[in-house]
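Encoded as structure tokens, the structure appears first; notes follow it.
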Amino acid sequence: MLGKESVLHLLQDAVDECRAAGSLSGSDTPQIVLEVPKHEGQGDFATTLALSLAKIEKKPPREIASILISALEKKTPWIEKIEIAGPGYINFFLTHDFWRQSLITIHTQQSDFGKSAAPTPQKILIEFVSANPTGPLHVASGRAAALGDALARLLQAVGHEVDREYYLNDIGAQMQLLGHSTYLRYRELLGEKVDLPEGSYQGEYIIEIAEALKQRDGNQYLEGPEASHIDFFTQYSFETIVAWIQKDLQAFGIHFNTWFSEKEIHDKNEVTAALDFLKSKEMLYEKDGAQWVSTMPFGDDKDRVAVRSDGRKTYFASDIAYHRNKFERGYDRLIDIWGADHHGYVNRIKAATQAMGYESERLTILIHQLVNLLRDGKPVKMSKRAGTFVTLREVMDEVGVDATRFFFLMRRSDTSLDFDLALAKKATNENPVFYVQYAHARLCSILSVAKTQNWDIEATLQNIDLKILETLSLPEEIAIIRELSHYPAMIQSAAEAMEPHRITFYLQNLAGMLHSYYFSCRVVTDDAELTKARLILITAIRIVLRNGLRILGISAPEKM
RNA sequence: GCGCCCGUAGCUCAAUUGGAUAGAGCAACGGCCUUCUAAGCCGUAGGUUACAGGUUCAAUUCCUGUCGGGCGCACCA
């Protein structure tokens with residue numbers, strides 16, 4: 001049982017009762033807001049109901065509050081007291097026993113604690129990273145990767161079915177350019193003097209790929225039709241790079257259910273089909289020799305070209321087909337995670353999916369702001385073509401996977417993020433991820449000490465009753481228990497807002513409470529009852545820390 | 001010029017979707033290890049929430065404008 005729902009029910013009943021009895025006269029009931037007050041002394045839960053009823057009832061808020069309270073006063077055993085405060089808040093103080101009860105819930109549910117079943121479970125596809133396979137992943141992709149993965153777990157935790165997808169732009173001009181760049185490097189390695197045309201990919205990795213081909217196949221591509229050689233180099237480079245990307249993402253702890261090929265959409269004529277579909281809905285028309293999609297009626301600034309006057313399809317056209325494909329695979333909801341540099345594209349793709357007849361709520365495009373890469377406070381200029389960039393791999397190797405992920409997840413996604421490489425390197429001691437992990441390691445350490453002193457932890461955890469827990473009476477103990485029991489609500493609101501960063505803040509706070517508690521109270525003492533109760537408490541903390549870290553995709557080490 | 005995001009402590013960021021006294025970490029200063037991990041704890045200091053109006057019982061949050069920063073504005077991908 002969770003406190004929040006119970007109190008909400010009480011309030012709803014109180015309003016109904018007062019109206020039936022005539023002490024309140026209105027008929028509208030505003031949405032009852034129940035929150036956890038920030039400051040001590042303001043109760044475990046507080047509602048602004050009386051404030052929002054003031055207008056409807058035409059009575060001062062405090063008066064309404066006291067009317068409601070008299071109806072609430074039918075002594076609910078788990079409420080310690082109810083107070084009116086400030087302009088008309090109603091503050092609820094719950095009994096300690098009520099809170100202690102939640103320790104039993106945590107131990108019963110274990111890794112399921114915090115999970116819930118959505119009222120209407122959805123089948124969701126999250127598409128993220130999707131960086132062009134023209135080079136290794138750079139740091140900025142790490143943000144999208146960490147975000148998408150955490151969001152996927154978060155939505156799963158609240159009962160949705162989630163798949164992860166990487167969209168591979170494996171066709172188009174940039175692929176040709178990639179093959180051409182590699183081919184030129186190959187010729188260079190065989191002693192030719194070549195000029196790299198402007199715009200070609202110049203990173204070291206291009207030479208690496210060319211070298212590999214030279215080693216394997218010698219000079220056999222010097223002769224013969226260049227065009228077919230370039231096709232071959234394109235394919236080879238693409239495969240090599242995709243393998244790198246997959247390896248890096250795997251090392252980063254991210255698994256995609258599908259790697260979706262843009263080329264396949266074209267090969268299966270889905271682009272044409274999607275455009276025909278739009279035409280059948282009269283959302284596609286011809287003007288100046290080109291085919292235009294009517295995106296304007298759906299909030300776009302102007303209509304957009306899908307087929308150019310020379311007959312070639314735009315990238316927008318394949319994106320329309322791709323989104324249609326995603327919907328047709330049976331997903332209730334699509335989530336795209338894009339960098340801020342693509343935000344200008346949001347309206348048009350949302351408009352296009354609406355033009356096809358999909359409700360706008362079914363597509364969410366989550367924009368994360370860009371990562372400013374700094375070194376010692378100075379911006380690092382990055383360009384994939386010029387080959388000056390910092391890869392995700394380098395950062396993972398330098399800073400570690402856990403710290404990198406936590407760092408990316410600490411910030412709300414719509415603020416730009418400074419990633420200072422020098423700082424990140426030295427952040428091994430400062431990064432808050434260690435603060436949280438350390439709390440977990442500490443708990444494990446206490447438990448192992450308890451074990452060596454012959455405390456039977458298993459047995460203790462199997463027979464928890466309220467009586468044992470009564471020895472947990474210190475204010476900080478109750479405060480920790482209260483915080484633990486708020487975990488499920490936090491997960492739900494984080495999922496609803498699609499803001500995984502809330503978990504990082506929650507975990508830091510909880511870790512802080514533990515560190516502080518550790519300093520002032522011993523868990524393992526001569527007092528058998530107290531020791532048992534505290535072992536129950538700290539194992540509950542451990543469960544919640546683990547559950548939270550798991551959603552973030554960060555490890556919970558037993559030793560540090 | 002137009003559009004999107006942001007502007008909160010010296011720095012990096014929160015703030016329960018409009019609530020009570022705006023909070024953390026880092027940096028600074030002063031304390032705490034013969035007892036379960038000092039990657040820790042306790043304390044001090046730090047604010048006209050960019051600015052000006054508006055909406056209401058209540059605004060960091062919503063609206064308008066100004067200023068500042070980032071990004072984007074193709075029959076490119």
Side-chain angles (χ1 to χ4, degrees), chain A residues 33-39 41-42 46-48 51-52 54-55 60-61 85-89 91 132 134 169 171-175 177 262 287-292 301-302 304-316 318-319 339-347 367-370 372 377 407 410-418 420 423 427-435 437-439 441-450 452-453 486 489-490 493-494 496-497 499 501-502 504-505 508-509 511-512 514-525 534 538 559-560:
Chain A
V33 179
L34 197 67
E35 58 192 20
V36 179
K38 287 179 215 162
H39 297 98
Q42 298 176 343
T47 183
T48 55
L51 293 168
S52 44
K55 201 173 220 174
Y89 294 94
N91 295 340
N132 272 351
T134 54
N169 299 116
I171 192 172
Q174 87 281 359
M175 279 291 109
L177 189 59
E262 179 187 2
K287 194 184 85 180
D288 304 332
Q291 306 279 326
W292 299 71
D301 300 332
K302 50 183 275 198
R304 307 289 175 173
V305 170
V307 184
R308 285 170 284 198
S309 48
D310 63 7
R312 283 151 57 221
K313 297 179 182 80
T314 62
Y315 182 80
F316 181 49
S318 39
D319 242 358
D341 51 344
H342 289 88
H343 78 256
Y345 209 71
V346 172
N347 277 343
I367 295 294
H368 65 87
Q369 296 298 312
L370 300 178
N372 301 318
F407 199 89
M410 269 173 64
R411 275 109 171 135
R412 226 175 62 225
S413 57
D414 56 6
T415 62
S416 59
L417 185 153
D418 289 340
D420 192 311
L423 199 74
T428 46
N429 282 342
E430 290 166 19
N431 196 310
V433 69
F434 295 105
Y435 186 77
Q437 291 183 317
Y438 187 58
R442 237 181 183 171
L443 293 171
C444 294
S445 168
I446 299 172
L447 292 170
S448 73
V449 167
T452 60
Q453 295 185 14
H486 289 152
M490 184 278 298
S493 61
E496 200 177 324
E499 293 183 347
H501 78 271
R502 295 187 190 197
T504 67
F505 281 88
Q508 287 178 83
N509 184 47
L514 171 81
H515 287 311
S516 182
Y517 180 65
Y518 173 87
F519 192 80
S520 60
C521 297
R522 272 193 74 85
V523 173
V524 183
T525 61
R534 288 183 171 171
I538 66 163
K559 275 185 187 160
M560 284 174 76

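Just so it is clear, the values below take in all heavy atoms, side chains as well, and ignore hydrogens, waters and symmetry mates. Letters A, B, ... are given to chains in the order of the sequence lines, protein chains preceding strands, and every chain is numbered from 1.
You'll find a donor-acceptor pair under 3.5 Å spanning the side chain of A:His343 and the base of B:G3, going by distance alone. For B:C75, its base sits under 3.5 Å from the side chain of A:Ser309 at one donor and acceptor pair at least.
Judged by Watson-Crick or G-U wobble contacts below 3.5 Å, the nucleotide B:C73 has B:G1 as its partner. As the counterpart of B:C62, B:G54 is assigned, both hydrogen-bonding distances of the Watson-Crick or G-U wobble pattern falling under 3.5 Å.
You'll find that the side chain of A:His515 is closest to B:C41, out of B:C41, B:C5, B:A15. For A:Tyr438, the side-chain atoms get nearest to B:A39 when compared with the rest of B:A20, B:C75, B:A39. When distances are taken from the side chain of A:Arg412 to each of B:A14, B:A38, B:G19, the shortest belongs to B:A14.
If you check every strand for non-hydrogen atoms under 4.0 Å, A:Asp319 touches nothing. Among the atoms of the strands shown, only primed sugar atoms or phosphate atoms (P, OP1, OP2) are found under 4.0 Å from some heavy atom of A:Asp414.
In this structure the side chain of A:Leu417 reaches within 4.5 angstrom of the side chain of A:Phe407, judged on heavy atoms.
Anti is the classification of B:U16, since its glycosidic angle lies more than 90° from 0. B:C33: glycosidic angle within 90° of 0, hence syn.
A residue-by-residue look at A:Asp418 and A:Asn347 shows that A:Asn347 has its nearest nucleotide of RNA chain B further toward the 5' end. Mapping A:Tyr345 and A:Tyr435 onto RNA chain B by nearest heavy atom places A:Tyr435 closer to the 5' end of the strand.
The interatomic distance linking A:Met560 (CE) with B:A39 (C1') rounds to 6 Å, in whole Å. Taking atom CZ of residue A:Phe519 and atom C1' of nucleotide B:U35, one finds them 12 Å apart after rounding to whole Å. Summarising the geometry, the separation between CG on A:Leu370 and P on B:G69 is reported as 17 Å, rounded to the nearest angstrom.
Rounded to the nearest 0.5 Å, atoms CG (A:Leu370) and NE2 (A:His343) are 10.0 Å apart.
Between A:Tyr315 and A:Tyr345, the two ring planes are tilted [angle within 30° to 60°].
The phosphate of B:C42 (OP1 or OP2) has a side-chain N or O of A:Ser516 nearer than 4.0 angstrom.
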